[in-house]
There are 2 protein chains.
Amino acid sequence: MKQPKQPEEATEKKILEAARTVFHRAGYDGARMQEIADEAGINKALLHYYFRNKDKLFEAVFREALRRNMIPLMHMMMSADTTVEEKITNFARNYIETIRRNPELPGFIIHEINRNPQRLVENAKTEGLVIPQTLIVQIGEGIEQGRYNPVDPRQLVVSLVSMCIFPFIGRPMIQMAMQISEHEWDAFLEERITLIPQYIFKILHKL
Amino acid sequence: MKQPKQPEEATEKKILEAARTVFHRAGYDGARMQEIADEAGINKALLHYYFRNKDKLFEAVFREALRRNMIPLMHMMMSADTTVEEKITNFARNYIETIRRNPELPGFIIHEINRNPQRLVENAKTEGLVIPQTLIVQIGEGIEQGRYNPVDPRQLVVSLVSMCIFPFIGRPMIQMAMQISEHEWDAFLEERITLIPQYIFKILHKL
DNA sequence: GTCTATACGGTGATAGAC
DNA sequence: GTCTATCACCGTATAGAC
């Protein structure tokens with residue numbers, strides 16, 4: 001079944017997939033090159049052939065993760081042609097539905113950023129991850145025009161993001177404290193997609 | 001300056017403090033026994049004399065962290081003699097002001113729980129960390145009596161907790177995305193102490 | 001490109017003197 | 001109780017055959 005001379009990209013892809021799985025689960029410090037090799041069905045030496053060392057391999061995984069996790073956020077803060085309400089609704093749905101398929105992603109990113117905050121700054125430059133403030137500005141305008149309650153837009157957006165992300169990283173604690181079974185969890189998440197925007201609008205909208 | 005024969009407890013305490021510092025910053029996998037020994041001003045062998053191995057030492061640190069992090073939460077969910085509003089207000093203030101002095105605590109706990117969710121279950125038993133549902137029930141009653149909007153109490157409490165905890169674990173991302181300087185961060189946190197209960201009440205209260 | 005074998009430093013843990 | 005010295009192992013990384 002083995003193909004000794006498959007196109008190089010296939011192997012590289014297998015490695016990246018395996019590395020993603022292991023790094024996401026165990027983090028940089030907990031990951032073992034041997035484990036990644038096993039997961040990819042190759043040996044350690046080949047890992048070093050494609051990615052010179054553990055750091056390089058990790059960087060590739062981290063960059064991709066950062067991008068995947070940030071895209072919904074950036075999309076929300078950017079896109080000039082949607083209303084505040086649309087941005088918020090889209091973000092909650094978009095983020096929760098996307099991340100739900102990779103629930104370990106936020107925990108991985110947050111842990112690695114806290115382990116080395118500098119990395120975020122560097123990646124922000126190279127990856128062009130400068131987050132535009134369109135949504136913040138837009139909310140500010142709505143307040144000036146008297147359409148919204150006079151809230152601090154930054155505090156509101158942080159609250160929105162908190163409510164979307166935290167369930168993924170705090171899942172075991174939440175399930176235990178709120179007595180939510182494994183079986184109920186999906187429905188609980190699904191509910192949040194519509195509830196979170198409602199919450200935010202209650203805070204933002206007058207009356 | 002050294003005291004060759006100081007009371008045993010002093011050394012044990014120094015070790016625990018050092019272990020806390022290192023484990024909180026680096027996590028179990030990233031922590032090195034040598035580093036803990038240095039931080040405590042002793043040598044590795046003495047670590048093993050007091051705590052037989054790395055796991056035992058870690059367990060001590062983790063249990064204490066879990067307790068410290070959960071106490072405000074449990075206090076909120078329990079105390080039978082306060083109103084819903086008091087519980088929520090007290091929690092936000094209590095949690096943010098407490099954790100602010102150990103900002104790495106939530107990240108540490110969450111990472112270690114996700115690394116081994118089983119540990120939470122075990123510690124919950126031995127430490128008596130069964131979280132009572134007083135607040136949840138109380139909100140439910142308020143809804144039945146028509147005093148509150150018909151929200152899902154669990155979703156509301158999860159949102160409350162999310163908004164309080166997330167800033168501590170997502171700080172670098174938040175600061176970058178919201179362009180909050182180191183200097184402004186404290187004020188930003190301080191504001192949240194009063195804002196979060198206001199948000200929750202907007203969702204909960206009628207009109 | 002892929003493998004096996006191996007070098008080499010670091011890490012948790014122990015032995016044993018004081 | 002505290003130290004120095006040392007062990008056994010594991011993990012990353014490289015050498016070299018195919």
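Protein chains get the first letters and strands the later ones, always in sequence-line order, with residue 1 at the start of each.
In this structure, CZ of A:F58 is placed 17 Å from C1' of D:dG11, rounded to the nearest angstrom. Atoms CG (A:N43) and P (D:dT12) sit 14 Å apart, rounded to a whole Å. Following rounding to the nearest Å, B:D29 (CG) and D:dG11 (P) show an atom-to-atom distance of 11 Å. In this structure, A:Q34 places its CD atom 16 Å from P of C:dT6, rounding to the nearest Å. Note: CZ (B:F51) to C1' (C:dA13) measures 16 Å, nearest angstrom. Distance A:L47 CG to C:dC3 C1': 13 Å, rounded to the nearest Å. Summarising the geometry, the separation between CG on A:D38 and P on C:dT2 is reported as 16 Å, rounded to the nearest angstrom.
Under 3.5 Å, the side chains of B:Q34 and B:D38 contain a donor-acceptor pair of N or O atoms.
Side-chain N/O atoms of B:T11 include one lying less than 4.0 angstrom from OP1 or OP2 on D:dT2. Using a 4.0 Å cut-off, no side-chain N or O of A:R32 falls inside it from OP1 or OP2 of D:dC10. For A:Y49, no side-chain nitrogen or oxygen approaches OP1 or OP2 of C:dC3 to under 4.0 Å.
Remark: A:V130 engages no residue in a side-chain contact (heavy atoms from CB on, under 4.5 Å) (not counting sequence neighbours). By the side-chain contact (heavy atoms from CB on, under 4.5 Å) test, A:A45 pairs with A:N43, sequence neighbours left out. Under the side-chain contact (heavy atoms from CB on, under 4.5 Å) criterion, B:T89 pairs with B:P197, B:F201, sequence neighbours left out.
At the heavy-atom level, B:I42 lies under 4.0 Å from the strands shown only through sugar-phosphate atoms. Using a 4.0 Å heavy-atom criterion, one finds that A:A37 contacts no nucleic acid atom at all.
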Output a table of donor-acceptor pairs, distance under 3.5 Å, between side-chain atoms of residues 67-75 of chain A and any protein atom two or more places apart or on a different chain; print 'none' if there are none.
from	atom 1	to	atom 2	distance (Å)
A:R67	NH1	A:E127	OE1	2.7
A:R68	NH1	A:E64	OE2	3.2
A:N69	OD1	A:Y95	OH	2.9

Next item on the list: Treat primed atoms plus P, OP1 and OP2 as sugar-phosphate and everything else as base, then score nucleotides 13-18 of chain D 5' to 3': B for base contact with protein heavy atoms under 4.0 Å, S for sugar-phosphate contact only, - for none.
Entry: BBB---

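Considering only the side chain of A:L46, C:dC3 comes nearest among D:dT2, C:dC3, C:dT11.
Salt-bridge check for B:R100 with B:E190: passed, with a basic side-chain N closer than 4.0 Å to an acidic carboxylate O.
Within the structure, every pair that satisfies the side chain to side chain donor-acceptor pair (under 3.5 Å) test and touches residues 151-176 of chain B, not counting sequence neighbours, is listed here: A:E191-B:Q155, A:R192-B:Q155, A:R192-B:S159, B:R171-B:Q175, B:R171-B:E182, B:Q175-B:E182.
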